[in-house]
Amino acid sequence: MDSKNNSFNERCYELLKLVPKGKVTTYREIAKALHTNAWRAVGNAMAKNKSLFVIPCHRVVRSNGSLGQYALGADKKSELLIKEGVIVTNGRVKDLGKFIHRFST
DNA sequence: GGCGTGACCCCAT
DNA sequence: TATGGGGCCACGC
């Protein structure tokens, strides 16, 4: 489980699972947590994610406050975030820095 | 073993 | 504030 044999994309899922409800994270933060600048690969991992019903992919948003894409649709993503307690307006997070969750202090 | 793609990010104007 | 252009990494074929 805590093995380091997991692929890069699986590590993204693990970090994502660490995000509590009512909070969100950014692709940039995940990449940083992995000590890499592969935000591209992170998004790619979500796009190919097979654990859509196991990983809260809807809690991942872009660094500029936009929600980004979602397997079920960006519209559904915003709905879920709002239900989680995140303030979303016009498809964008109102106070990203307030809901952002960082894996590092 | 190499190329293209992608749920992106940052900077300058 | 919005828009355009360039660049980064991992995965699949």
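Numbered from 1 within each chain, the chains take letters A, B, ... in sequence-line order. Because the structure is predicted, anything quoted here is derived from the model rather than measured.
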Bounds of contact between DNA chain B and chain A, in 5' to 3' order, using a heavy-atom cut-off under 4.0 Å | B/dG6 to B/dC10

By nearest nucleotide on DNA chain B, pick out whichever of A/A41 and A/T26 is the more 5' one.
-> A/A41

Judged by nearest nucleotide, the residue sitting upstream toward the 5' end of DNA chain B, A/V61 or A/N44, is A/N44

Let me know the distance between [atom1] of [X] and [atom2] of [N], rounded to the nearest Å.
| X | N | atom1 | atom2 | result |
| --- | --- | --- | --- | --- |
| A/R11 | C/dC11 | CZ | C1' | 14 Å |
| A/R92 | C/dT1 | CZ | C1' | 11 Å |
| A/Y13 | C/dA10 | OH | C1' | 11 Å |

Reckon A/F8 touches a base, only the sugar-phosphate, or nothing at all at heavy-atom distances under 4.0 Å?
-> sugar-phosphate

Smallest heavy-atom separation, A/Y27 atom then A/M46 atom, equals CE2-CG, 4.3 Å

Of all heavy-atom pairs linking A/L67 and A/G91, the shortest is CG-O, 3.3 Å

Contact check, residues 30-39 of chain A vs DNA chain B, heavy-atom distance under 4.0 Å, returns A/W39

Output for pair (A/N9 CG, A/R11 CZ), nearest 0.5 Å, gives 10.0 Å

Check: [X] side chain, [Y] main-chain N or O, donor-acceptor pair, under 3.5 Å:
| X | Y | value |
| --- | --- | --- |
| A/Y13 | A/V54 | no |
| A/R59 | A/V19 | yes |
| A/S7 | A/E10 | no |

Quick one: are the ring centres of A/F99 and A/H101 less than 6.0 Å apart?
-> no

Looking at A/K17 and A/E14, does any basic side-chain N land under 4.0 Å from a carboxylate oxygen?
-> yes

